[in-house]
Amino acid sequence: MTFIQQQRDTRRGRRALVAGSVGNLIEWYEFGVYGYFATIIAARFFTPEGGSEAEALVRTYASFALAFFFRPVGAALFGRLGDRVGRRPVLVLVITLMTVATTLIGVLPTYAQAGALAPWLLTFLRVLQGLSAGGEFGGAVSVMTEFAPPGRRGLYGSWQSFTVALGLLAGAGAAALLATVLTAEQLGAWGWRLPFLLTLPLGLGALWLRLRLDETPVFVAERAAETPPPREVVRAVALGAGRIMGWAAAGYTFLVVLPSYLQSSLGATFQQALVATVLADLGFAATIVPAGLLSDRLGRRAVMVTGAVLVVVLAVPLLNLLQDSGVSPTVKGVAVCGAGAVVGLMAGPGPAMLSEMFPTRVRYTGLGLAYALSNAVFSGCAGLIITETVERTGSVDIPAYYAAAACAVSVPALLTLPSTRRPGVPKAGVERAG
């Protein structure tokens with residue numbers, strides 16, 4: 001390969017990283033904003049006269065969960081298109097749908113303005129977001145890992161997870177800024193709309209980047225390759241979902257559900273909850289890319305199992321520390337930052353691990369479905385399950401039990417990974433369970 005060709009390939013790989021990850025940043029920015037403003041959205045859309053705040057919050061998280069359950073539908077629909085016509089055109093389509101749906105949330109009428117129609121309109125847009133988000137992950141990870149140089153698939157794939165952290169941080173930053181400069185009345189009346197409206201210019205920028213994206217060479221080369229049997233693909237999807245369920249549950253528990261939990265169960269203010277979330281997101285962001293790079297050297301299994309086991313061991317002590325009024329805010333801040341860092345150990349190698357489980361002809365669909373199914377069950381339901389269970393049992397330890405249990409179940413699935421992986425070498429077929 002000539003020097004000029006190497007430089008061209010390097011530029012194409014970097015362009016793929018940016019174009020692939022920017023849509024994911026927008027997706028998780030919106031989902032973060034929705035989680036951070038869950039209590040305000042509950043009051044504006046799900047609290048008819050006579051309804052309680054707890055009931056409204058549960059309904060808000062039910063809408064949250066519904067969007068996640070449409071992710072597998074989007075993963076199957078857009079994944080199939082992406083494996084047939086190419087990664088680039090489908091990624092252009094999903095970023096357009098995501099941008100339109102998120103922007104429209106910012107102009108929706110509230111329950112006071114539109115009555116019972118308001119929560120239905122919000123839920124419809126959440127469904128559209130779920131469909132587009134389901135088509136986002138598989139395409140973005142396929143593009144990043146298929147453009148990755150030999151031995152760098154873990155590093156390139158980790159940028160998908162890194163933009164999750166950036167998106168959540170951007171959402172938390174927007175929420176914290178608005179909570180600082182606006183009064184509570186202004187924030188509840190119209191301020192909560194601004195972060196959703198910001199999606200429009202962000203989405204237009206992402207669309208421009210994706211229109212300049214090249215199709216991946218491996219897809220072009222293997223367009224006519226034989227498709228593996230559906231039964232093998234289904235087995236690999238189930239195994240992949242099991243391997244990342246701990247990442248999905250712990251990530252959403254510590255990074256998105258935490259603000260509302262701190263407010264509703266521990267009596268924290270909105271600003272205090274956001275500070276805790278920002279610290280958790282910073283810890284998460286700090287370990288993702290190093291974890292992806294480390295997995296290129298040590299294998300995916302060693303890094304991801306370490307993260308899952310640490311969640312099992314530390315989840316309950318962490319939550320007990322947050323509940324202790326005698327512990328200093330500095331110590332609590334370090335603790336939540338550490339919790340985010342542990343989740344990053346799973347999130348960094350996760351995208352490359354899923355990508356390596358599927359051949360090119362079914363990669364978009366397979367890894368997208370595995371990710372969407374796991375997130376639908378263990379992320380999308382996290383807020384609903386935790387809020388409802390805390391309400392019914394009175395136990396404030398529920399979030400820790402939830403994250404630890406999911407990671408404990410995920411560990412055996414992760415142990416089926418090979419102890420080492422030849423980085424950058426595509427697998428010849430789908431991975432079998434057992």
Side-chain angles (χ1 to χ4, degrees), residues 5-28 71 73-102 128-149 152-153 155-164 167 199-225 227 351-352 354-356 358-372 424 426:
Q5 182 63 42
Q6 288 179 333
Q7 292 296 101
R8 185 181 297 116
D9 289 345
T10 299
R11 287 195 298 270
R12 292 172 73 193
R14 290 174 179 171
R15 189 182 303 142
L17 274 183
V18 176
S21 60
V22 69
N24 194 61
L25 185 151
I26 295 172
E27 171 197 341
W28 287 89
R71 284 188 172 207
V73 179
L77 173 64
F78 293 115
R80 187 62 175 157
L81 284 174
D83 284 329
R84 284 187 171 186
V85 304
R87 286 55 166 129
R88 176 184 174 276
V90 179
L91 284 174
V92 167
L93 176 61
V94 296
I95 194 63
T96 302
L97 181 60
M98 185 187 305
T99 300
V100 170
T102 304
L128 292 182
Q129 288 176 317
L131 289 171
S132 61
E136 172 66 30
F137 180 86
V141 173
S142 294
V143 164
M144 292 178 190
T145 56
E146 288 174 1
F147 270 114
R152 290 293 181 267
R153 190 174 283 180
L155 176 62
Y156 269 54
S158 69
W159 279 87
Q160 188 280 339
S161 296
F162 184 64
T163 53
V164 172
T199 303
L200 181 58
L202 293 176
L204 291 175
L207 179 61
W208 177 77
L209 288 169
R210 289 191 170 177
L211 288 171
R212 300 177 65 241
L213 182 66
D214 295 327
E215 190 55 79
T216 69
V218 66
F219 174 80
V220 174
E222 300 184 24
R223 186 191 294 267
T227 302
L354 288 175
S355 179
E356 290 165 345
F358 301 93
T360 305
R361 289 291 292 126
V362 294
R363 180 170 293 133
Y364 197 141
T365 305
L367 72 90
L369 271 175
Y371 182 80

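Side chains included, hydrogens not; waters and symmetry mates left out as well; all remaining heavy atoms used. Quick note: residue numbers are just sequence positions, from 1.
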Rounded to the nearest 0.5 Å, how far does [atom2] of [Y] lie from [atom1] of [X]?
X: Phe78; Y: Leu97; atom1: CZ; atom2: CG; result: 5.5 Å
X: Leu81; Y: Leu93; atom1: CG; atom2: CG; result: 8.0 Å
X: Met144; Y: Thr163; atom1: CE; atom2: OG1; result: 5.5 Å
X: Thr216; Y: Arg88; atom1: OG1; atom2: CZ; result: 12.5 Å
X: Arg223; Y: Arg361; atom1: CZ; atom2: CZ; result: 8.5 Å
X: Phe162; Y: Leu25; atom1: CZ; atom2: CG; result: 9.5 Å

Looking at Trp159, I'd like to know if its CH2 atom is crowded, meaning that more than 12 non-hydrogen atoms belonging to other residues, nucleotides or ligands lie closer than 6.0 Å.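 Counting other residues, nucleotides and ligands, CH2 of Trp159 stays at 12 neighbours or fewer.
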Measure the shortest side-chain to side-chain distance between [X] and [Y] over non-hydrogen atoms and say whether it is less than 4.5 angstrom.
X: Leu91; Y: Tyr364; answer: yes
X: Leu204; Y: Thr99; answer: no
X: Leu131; Y: Leu77; answer: no
X: Phe147; Y: Asp214; answer: yes
X: Leu367; Y: Tyr371; answer: no
X: Val362; Y: Thr227; answer: yes

How far apart are the closest heavy atoms of [X] and [Y], and which atoms are they?
X: Ala372; Y: Ala75; result: CB-CB, 4.0 Å
X: Val22; Y: Ala206; result: CG1-CB, 3.6 Å
X: Val90; Y: Val85; result: CG2-CG2, 4.0 Å

Main chain of [Y], side chain of [X]: is a donor-acceptor contact present, judged purely on distance under 3.5 Å?
X: Arg87; Y: Val143; answer: no
X: Tyr156; Y: Ala352; answer: no
X: Thr365; Y: Arg80; answer: yes
X: Thr96; Y: Val92; answer: yes
X: Ser355; Y: Pro351; answer: no

Can you list the steps and then say if Leu354 with Val141 is a side chain to side chain contact (heavy atoms under 4.5 Å, CB included)? CA-CA 9 Å; Leu354 288 175; Val141 173; 5.9 Å; no
Charged N-O contact under 4.0 Å between Glu136 and Arg210: yes
Answer yes when Glu27 and Arg71 have at least one side-chain N-carboxylate O distance shorter than 4.0 Å, and no when they do not.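 Looking at Glu27 and Arg71, the cut-off is met.
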Take Glu222 and Arg363 through the salt bridge (Lys or Arg N to Asp or Glu O under 4.0 Å) test and state the conclusion after the steps. CA-CA 12 Å; Glu222 300 184 24; Arg363 180 170 293 133; over 6 Å; no
